[in-house]
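We use all heavy atoms of the structure for the numbers below, so side chains are in, but hydrogens, waters and symmetry mates are not.
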Amino acid sequence: MAKKYGNLINGEEVKSRKTYKSRNSSELADIVGIFPEASKAQVRAAAQAAKDAFKTWSKTPAPIRGDLIGNIGVALTREKESLSRLLSREMGKTYKEALGDVQEAIDTCHFFQSEGRRLYGQTVPSEMPNKELLTYRRPLGVVGIITAGNFPVAVPAWKIIPALLTGNTIVWKPSEDSPATSYALVKLMLEAGLPDGVLNLVFGGGAKAAGEYLIDMIDEGLIDKFAFTGSTAVGRKIGEIAGRNLQHPTLELGGKNPLIVMRDADIENAVAGALWASFGTGGQRCTSAGNIIVDAPVYTEFKKEFVKAAKAVKIGDPNKYDDVLYGPFINERFYENWLKHYDWAKKDGAKLLYGNGRITKDNKPKGFVGDPEAAFYGWPTIWEKVTTDFKQFQTEIFGPTINLVKVNGIAEAMEAANSVDYGLSSAIYTNNREWAFIFKDNIEAGMSSINNSTTGAEAHMPFGGVKGSGNGTRESGIWVIDNYTYWHGINDDVSGKLQLAQMDTEYIEAKDEVDIDNMF
Ligand code: UN1
């Protein structure tokens, strides 16, 4: 019998009247746990607890908060394998990738542990004598967080760790696809010593459920900052609500990431990068490749090698087979959304090079291992004869599918790469310095790789996109700190009299002009 878990509000486990089951993505009959659907009153109580806890947490010295982040890193390191196994079971990514997901959170802890001993402000010279100017970073207050299920540890950690370090308190609503992993993560964070109410966890769905209730708390005045990873449509809604409350949310939204292969590329390396970018995590990364843009002289060679590599891909339950490239869809909804693009392709006239919809007992690629009907698995799918006006070129599909787009030269490659409404990640394979420079200088994206996949951002680099991929905020590294703090400028006047800036300032007047022509 699966166990029932509660929301974690103010340090207590709080059950809800309504519940739902979290299932093993690779074996739907296996129930990981039963989780609550938080009511609006419970979400409000969590936000109120966070508001109350802010009073003391924001005054806890930053080095002490940093030390606690260090404790979280220690707990995550100790439980790295067990948490990764749980993550892999619940969400369906491979164990190796799950280890990477957890490692990204550990790296984030390492980075922010020592940031607690920096969190620098500035001392700034005043234009007046006996007056000092200083700047301080101040926390924003209560942060509402909603995250997706594809990176259930790394992506929440990118938000939670810097928000805590800078003195904010939190209500987190994780994806309904990964509640057990989220619960375990918060338990480890609480174990590290977080006072009650500093980090609260509420479960449930998005629309007309915990996610929407949490967004409602912005208008109720209980949330001071929102951080969201998910669809562009929901991001826009959060942006509007935050905007009318004069807040600046962190929005990490969709992507349709181009990977360019130029005529001089190392084809073997490009095929390996393209294969991983397209089918790694079953295409369910926001950094997954969406379109592979191939320079005409190597199109045929690349296509041949790429299709050959796709045919050799091993797919199956990652909990049973540790050498699969990818596992199942996170859930049925992801599968159904992915399947629709077969119709779009037919309508627009794309040519199917490889793939055949859902993997079943009677319809499976050679590399499939195990029982395909224990969950939802998709064929690695490759299309060609796709142009930039096709729906499948423009739309984020979030599954194992990729378009090959033939272009001629760097100018056409750049035009195709920039012709989507998204701008998250991007990649080029070339050894030509000029083409690499043109790519770097012109690509409309927040992140770019030269001779590497579109995925694989490191934990201390700025993560985020342009255009439909976000609102310009960045996660990770030093850049994220600006999103969880505001700058407070202080004038400290010890002159004992009223000194008026600009007006009482004793500027030194210039003397008679020097005239070099008449000097010699
Ligand atoms: C995501 O898919 O939301 O760069 C995050 C990468 C990972 C993070 C992806 N480090 O692919």
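- Aromatic pair Trp379/Tyr354: centroids less than 6.0 angstrom apart.
- Using a 3.5 Å distance cut-off with no hydrogens or angles, the side chains of Thr401 and Trp338 do not pair a donor with an acceptor.
- When side chains are defined from C-beta on, Lys311 counts as touching Val307, because their heavy atoms get closer than 4.5 Å.
- What you find for Ala46 and Val202 is that their closest heavy atoms are CB-CG1, 3.9 Å.
- The pair Lys304-Glu301 does not count as a salt bridge, with every side-chain nitrogen at least 4.0 angstrom from each carboxylate oxygen.
- Shown here is Lys347, whose NZ atom has no more than 12 heavy atoms of other residues, nucleotides or ligands within 6.0 Å.
- Note: Phe35 and Tyr183 have perpendicular aromatic rings, judged against thresholds of 30 and 60 degrees for the angle between ring planes.
- Under the 4.5 Å side-chain criterion, counting only non-hydrogen atoms from C-beta, Asp371 is in contact with Lys361.
- Checking Arg263 against Asn408 by side-chain atom types alone, a donor-acceptor pair falls below 3.5 Å.
- Interatomic distance, CD of Gln247 versus CD1 of Ile238, reported as 11.5 Å (0.5 Å rounding).
- Taking every heavy atom of both residues into account, Asn168 and Val143 meet most closely at CB-CG2, 3.7 Å.
- For the residue pair Phe329 and Gln284, the shortest heavy atom distance occurs at CA-OE1, 3.5 Å.
- Between Asn471 and Pro249, the closest side-chain pair of non-hydrogen atoms falls below 4.5 Å.
- Closest heavy-atom contact between Ile410 and Met262: N-CE, 3.6 Å.
- The two residues Leu259 and Ala274 have their closest heavy-atom pair at CD1-CA, 4.0 Å.
- Residues that satisfy the side chain to side chain contact (heavy atoms under 4.5 Å, CB included) test with Ser114, not counting sequence neighbours, are Arg118.
- Proximity of Tyr5 to Pro179: side-chain heavy atoms (C-beta onward) are nowhere separated by under 4.5 Å.
- Here Asn200 contributes atom CG and Leu8 contributes atom CG; the two are 8.5 Å apart, rounded to the nearest 0.5 Å.
- Two residues are said to be in side-chain contact when any heavy atoms from C-beta on lie closer than 4.5 Å; Phe151 and Thr229 fail this criterion.
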Could you go step by step and tell me if Glu240 and Lys237 meet the salt bridge (Lys or Arg N to Asp or Glu O under 4.0 Å) rule?
CA-CA 5 Å; Glu240 282 171 20; Lys237 215 188 277 168; over 6 Å; no
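- Side chains of Ile146 and Phe226 form a contact here, defined as non-hydrogen atoms less than 4.5 Å apart.
- For Thr387 and Asp389, the side-chain atoms include at least one donor-acceptor pair closer than 3.5 Å.
- A salt bridge (Lys or Arg N to Asp or Glu O under 4.0 Å) check over residues 87-111, counting only residues at least two apart or in different chains, returns the pairs Asp30-Arg89, Lys93-Asp101, Glu97-Arg285.
- For the atom pair OG (Ser448) and CG (Leu424), the distance works out to 10.0 Å, reported to the nearest 0.5 Å.
- A distance of 10.0 Å separates CD1 in Ile382 from CD in Glu384, rounded to the nearest 0.5 Å.
- No side-chain donor from either of Ser26 and Lys320 sits under 3.5 Å from a side-chain acceptor of the other.
- A donor-acceptor contact closer than 3.5 angstrom is absent between the side chains of Asn431 and Asp264.
- Here the rule is ring pair (Phe, Tyr, Trp, His ring centres under 6.0 Å) with Trp383, and of Trp344, Phe306, Tyr342 only Tyr342 fits it.
- Note that CD1 of Ile72 is 12.5 Å distant from CZ of Phe112, once rounded to the nearest 0.5 Å.
- In Glu415, the CD atom is not crowded: 12 or fewer heavy atoms of neighbouring residues, nucleotides or ligands sit closer than 6.0 Å.
- Looking at Val294 and Lys303, their side chains never come closer than 4.5 Å, going by heavy atoms from C-beta outward.
- In this structure, the side chains of Asn363 and Arg358 stay at 4.5 Å or more apart for every pair of heavy atoms.
- How far CD1 of Ile160 is from CD1 of Ile170: 5.5 Å, rounded to the nearest 0.5 Å.
- A donor atom on one side chain and an acceptor atom on the other are found under 3.5 Å apart for Lys80 and Gln103.
- Contact between Ser449 and Ser453 at its shortest, heavy atoms only, is OG-O, 3.0 Å.
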